[in-house]
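Remarks on the structure that follows.
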Protein chains: 2
Amino acid sequence: MPTAVELEEILRGADLRVTRPRMAVLAALHAHPHADTGSIVTAAREDLGRVSTQAVYDVLQALTERGLVRRIEPSGSVARYETRVGDNHHHVVCRSCGAIADVACAVGPAPCLEASESHGFEIDEAEVVYWGRCPDCQIAGGLAATTA
Amino acid sequence: MPTAVELEEILRGADLRVTRPRMAVLAALHAHPHADTGSIVTAAREDLGRVSTQAVYDVLQALTERGLVRRIEPSGSVARYETRVGDNHHHVVCRSCGAIADVACAVGPAPCLEASESHGFEIDEAEVVYWGRCPDCQIAGGLAATTA
DNA sequence: CCTATTTCTGGAATCAATCAAGTTTAAATT
DNA sequence: AATTTAAACTTGATTGATTCCAGAAATAGG
């Protein structure tokens with residue numbers, strides 16, 4: 001959980017101006033990994049009093065462009081963001097409640113990066129999403145939540 | 001490319017009533033792998049004269065539920081559908097134009113299915129998306145199309 | 001042929017995301 | 001410290017995929 005000063009350094013290090021919305025969004029992302037845009041807007045407003053939805057979208061895009069955050073969008077879910085970048089990890093997504101957890105790379109250094117037939121594509125990334133059920137939903141029983 | 005009779009058998013085999021919209025959608029999917037909903041609607045209309053958008057959505061959902069088609073939604077793209085199901089293959093997506101191609105499973109029978117730390121999740125599927133550039137876009141040069 | 005259930009139509013509503021024009025502000029400059 | 005300027009933020013409207021709803025139509029079984 002970075003301090004305000006650290007967040008500021010992170011922004012400056014990426015050649016981004018230090019503004020209140022950016023600080024708030026970055027803090028919210030560190031506090032809530034895998035948060036969707038709506039949650040981030042809410043968190044930022046609790047922090048700042050008020051911010052426009054547009055500002056949050058702009059900030060998220062700027063942060064993503066500079067590689068400070070990573071945008072993930074599992075099927076059936078809206079866009080989510082996380083601050084853990086650069087370590088090539090993957091995600092497990094719960095089919096019932098949509099919960100997301102991080103998973104380290106499965107096998108060795110660059111797993112799955114060898115597509116058997118690449119069709120001439122120049123591949124630069126292999127994205128892996130594991131689908132299943134989180135511990136809570138396993139307990140909850142067979143019925144899937146409507147928010148799947 | 002299945003015949004009309006074969007399509008009919010496919011539908012009946014899945015306990016689905018045989019209707020004109022369903023035949024048209026299924027045919028469109030076989031003709032255009034990885035088509036998005038809009039294209040499917042268009043193709044179905046060329047075939048039938050007219051169909052409601054809603055009907056196509058309903059059909060796609062019904063077909064997906066019965067496992068006749070598979071819904072895929074790469075980040076930044078709208079939902080797409082394919083008829084190739086049950087063989088656990090993956091996809092390569094072009095970052096520039098969004099083109100999609102099929103890729104057979106990378107390593108052995110159930111590759112990447114071993115998440116190193118599953119966080120208690122009960123995993124039933126590993127979805128892999130390879131990102132890169134298709135042959136056409138490599139030729140086209142460095143500039144990415146806006147339809148990425 | 002008739003009935004019941006499923007499917008399709010038409011139109012409206014929802015919601016994430018984007019666009020546009022104008023105002024404010026961070027940070028470099030004098 | 002005042003000035004400048006490009007980047008960032010605000011408000012308000014718009015897009016576009018997807019879904020909801022109520023009623024009409026059509027399929028499949030009796």
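Within every chain, numbering begins at 1; the chains are lettered A, B, ... in the order of the sequence lines, protein sequences first and strands thereafter. Since this is a predicted model, take the numbers as computed values, not measurements.
- Rounded to whole angstrom, the span from the CD atom of A/Glu8 across to the P atom of C/dA26 amounts to 11 Å.
- Here C/dT7 presents its C1' atom at 16 Å from CE of B/Met23, a figure rounded to the nearest Å.
- Within the model, atoms CD of A/Glu125 and OH of B/Tyr130 stand 12.0 Å from one another, a figure rounded to the nearest 0.5 Å.
- Ion pairing between a basic and an acidic side chain is recognised when a charged N comes within 4.0 Å of a carboxylate O; B/Glu82 and B/Arg80 show no such pairing.
- Between A/Val56 and B/Gln61, the residue whose closest nucleotide on DNA chain D is further toward the 5' end is A/Val56.
- The existence of a salt bridge linking A/Arg95 and B/Asp124 is confirmed by a sub-4.0 Å separation between a basic side-chain nitrogen and an acidic carboxylate oxygen.
- Counted by atom type alone, A/Asp102 and B/His119 present zero donor-acceptor pairs between their side chains at under 3.5 Å.
- Looking at residues 29-51 of chain A, you'll see A/Arg50, A/Val51 sit with a heavy atom under 4.0 Å from some atom of DNA chain D.
- Between A/Arg22 atom CZ and C/dT25 atom P there is a gap of 15 Å when expressed in whole angstrom units.
- Whole-Å rounding puts the A/Glu73 CD to C/dA17 C1' distance at 11 Å.
- Heavy atoms only, all atoms of each residue included: B/Glu73 and A/Gly76 are closest at OE2-N, 3.2 Å.
- Note: CG (A/Leu11) to P (C/dA27) measures 10 Å, nearest angstrom.
- When heavy atoms are screened at a 4.0 angstrom cut-off, A/Ala62 is found touching no nucleic acid atom at all.
- Comparing C/dC19, D/dC20, D/dC9 against the side chain of B/Gln54 picks out D/dC20 as the nearest.
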Restricting both atoms to N or O, compile the protein contacts to nucleotides 23-26 of chain D shorter than 3.5 Å, with distance only.
none

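- Checked against side chain to side chain contact (heavy atoms under 4.5 Å, CB included), B/Ala14 has the following partners two or more places apart in sequence or in another chain: B/Leu16, B/Arg66, B/Leu68.
- With rounding to the nearest 0.5 angstrom, the OG1 atom of A/Thr37 is 6.0 Å from the CG atom of A/Leu60.
- When rounded to the nearest whole Å, the span between OH of A/Tyr57 and P of D/dT10 equals 15 Å.
- A distance of 6.5 Å separates CZ of A/Arg133 from SG of A/Cys94, quoted to the nearest 0.5 Å.
- Both B/Leu16 and B/Val78 lie close to DNA chain D; mapped to their nearest nucleotides by heavy-atom distance, the more 5′-ward contact belongs to B/Val78.
- At most 12 non-hydrogen atoms from other residues, nucleotides or ligands lie less than 6.0 angstrom from CD of B/Gln61.
- Heavy atoms of A/Arg12 sit under 4.0 angstrom from primed sugar atoms or phosphate atoms, though from no base atom.
- Remark: C1' of D/dA28 and CG of B/Asp15 are 12 Å apart, rounded to the nearest angstrom.
- Distance A/Asp58 CG to C/dA26 P: 16 Å, rounded to the nearest Å.
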